[in-house]
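First the structure, in the form of structure tokens, and then the observations on it.
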Amino acid sequence: MSFTLATWNINSVRLREDLVLKLLSEQAPDVLCLQECKSPVEKIPTAGFEALGYTHMVARGQKGYNGVAILSKIPMVEAGAEDFASLGHARHIAGRLENGVTIHNHYVPAGGDIADRDVNEKFGQKLDYLTDMRDAFRTSAPKRAILVGDLNIAPREDDVWDHKKLLKVVSHTPIEVEHFNDVMTAGDWHDVTRADIPAGRLYSWWSYRAKDWDAADKGRRLDHIWATGDIKDAAHSSRVLRDARGWEKPSDHAPVFATFDL
DNA sequence: ATGGTTGAGTGTCAA
């Protein structure tokens with residue numbers, strides 16, 4: 001079977017229900033992973049999603065902050081949710097498809113403004129979240145698995161608009177990239193997007209604060225699709241739907257897509 | 001160096 005998966009930080013699923021419906025209608029991914037839903041699960045507006053055929057959902061939520069959900073046209077059952085770094089935040093949900101593939105959807109902490117855990121507790125929480133992910137994958141090696149989400153780290157020089165300018169900016173600091181790479185190694189995860197699009201500037205997020213985000217193009221690739229080594233070769237057709245960043249009242253993130261033949 | 005914008009929810013924090 002072949003299925004297309006998308007991941008999107010929606011920055012409030014209730015405020016942007018119409019944008020989710022637009023994406024589902026126009027792009028019709030089989031599975032859509034959302035982050036920053038900013039909603040309790042029972043207040044996620046599922047009726048419209050169901051009407052478009054997305055009758056399966058697994059989610060974790062909380063009022064006002066965080067929140068992750070997976071919508072699917074393909075039968076899917078919940079496959080766990082973990083509270084990495086014991087923050088008490090709704091940042092992870094996993095679902096399992098009929099073909100035995102597990103999809104992990106993560107919203108990694110942004111980490112605040114200062115890249116020093118001694119003066120910024122949020123930065124420490126971000127590093128701890130990644131360390132807990134690494135340790136979990138060392139304990140139990142994932143198989144036939146996909147990991148997506150807003151990982152809030154742009155690991156490569158061509159994942160940011162200016163590598164040198166961003167070396168001290170949270171999301172692109174060497175210690176974050178080191179933690180990011182340790183998670184990948186521990187789970188035998190492979191970067192699906194960069195396997196398909198190996199070189200060149202590629203972004204999935206542009207700040208709301210830029211006057212003209214499109215022309216300035218000061219973006220970062222914060223949103224990722226990974227696959228374990230046993231299924232990585234099944235992935236193809238990766239893309240970022242940059243257009244979505246220009247929609248009316250947009251999220252500051254654009255959706256990232258990949259297709260898997262499994 | 002600083003400030004710029006947005007969302008949730010009504011203070012101001014988080015991003």
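As the structure is a prediction and not an experimental result, all values here were calculated from the model. We name chains A, B, ... by the order of the sequence lines, and we start the count at 1 in each one.
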Backbone N or O of A:Ala145 within a donor-acceptor pair of the A:Thr228 side chain at under 3.5 Å? yes

Tell me whether A:Asn120 contacts the main-chain N or O of A:Gly111 through its side chain, where contact means a donor paired with an acceptor under 3.5 Å. yes

For A:Trp205 and B:dT5, give me the distance from atom CH2 to atom C1', rounded to whole Å. 10 Å

Rounded to whole angstrom, note down the C1' distance from B:dA8 over to B:dG3. 22 Å

Rounded to whole Å, the NZ-P distance (A:Lys249 to B:dT6) equals 8 Å

Describe, in one word, how the ring planes of A:Trp226 and A:Trp189 are oriented to each other, choosing from parallel (under 30°), tilted (30 to 60°) and perpendicular (over 60°). tilted

Report the relative orientation of the aromatic rings in A:His106 and A:Phe84; use parallel for angles under 30°, tilted for 30 to 60°, perpendicular for over 60°. tilted

With rounding to whole Å, what would you report as the distance between B:dG7 and B:dT2 at their P atoms? 27 Å

Under 4.0 Å between a side-chain N or O of A:Arg16 and OP1 or OP2 of B:dG7? yes

Please give the distance between the C1' atoms of B:dG4 and B:dA14 as a whole number of Å. 16 Å

Listed pairs, N/O of protein and of nucleotides 13-15 of chain B, under 3.5 Å:
from: B:dA14; atom 1: OP1; to: A:Lys122; atom 2: NZ; distance (Å): 3.3
from: B:dA14; atom 1: OP2; to: A:Lys122; atom 2: NZ; distance (Å): 3.0
from: B:dA15; atom 1: OP1; to: A:Arg91; atom 2: NH2; distance (Å): 3.4
from: B:dA15; atom 1: N6; to: A:Arg209; atom 2: NH2; distance (Å): 2.6
from: B:dA15; atom 1: N1; to: A:Arg209; atom 2: NH2; distance (Å): 3.0

B:dA1 versus B:dT5 - spacing of their P atoms, nearest Å: 22 Å

A:Lys165 NZ to B:dT2 P, straight-line distance once rounded to whole Å: 18 Å

We want to know whether A:Thr7 and A:Gln35 form a side-chain donor-acceptor pair, criterion being a heavy-atom distance below 3.5 angstrom. yes

Measure CD/A:Gln35 against C1'/B:dG7 and give the value in whole Å, please. 16 Å

Give me the distance, rounded to whole Å, that separates B:dT10 from B:dT6 when you measure between the C1' atoms they each carry. 16 Å

State, without any angle test, whether A:Tyr208 and A:Asn11 hold a side-chain donor-acceptor pair at a distance under 3.5 Å. yes

Positive for salt bridge (charged side-chain N to carboxylate O under 4.0 Å, His left out) with A:Asp158, one of A:Arg221, A:Arg194, A:Arg201, A:Arg220: A:Arg194

Distance in angstrom units between A:Lys63 NZ and B:dA8 P, rounded: 13 Å

Rounding to an integer number of Å, can you tell me how far A:Glu248 CD sits from B:dT6 P? 12 Å

Which whole-number value in Å describes the distance from A:Leu15 CG to B:dG9 P? 11 Å

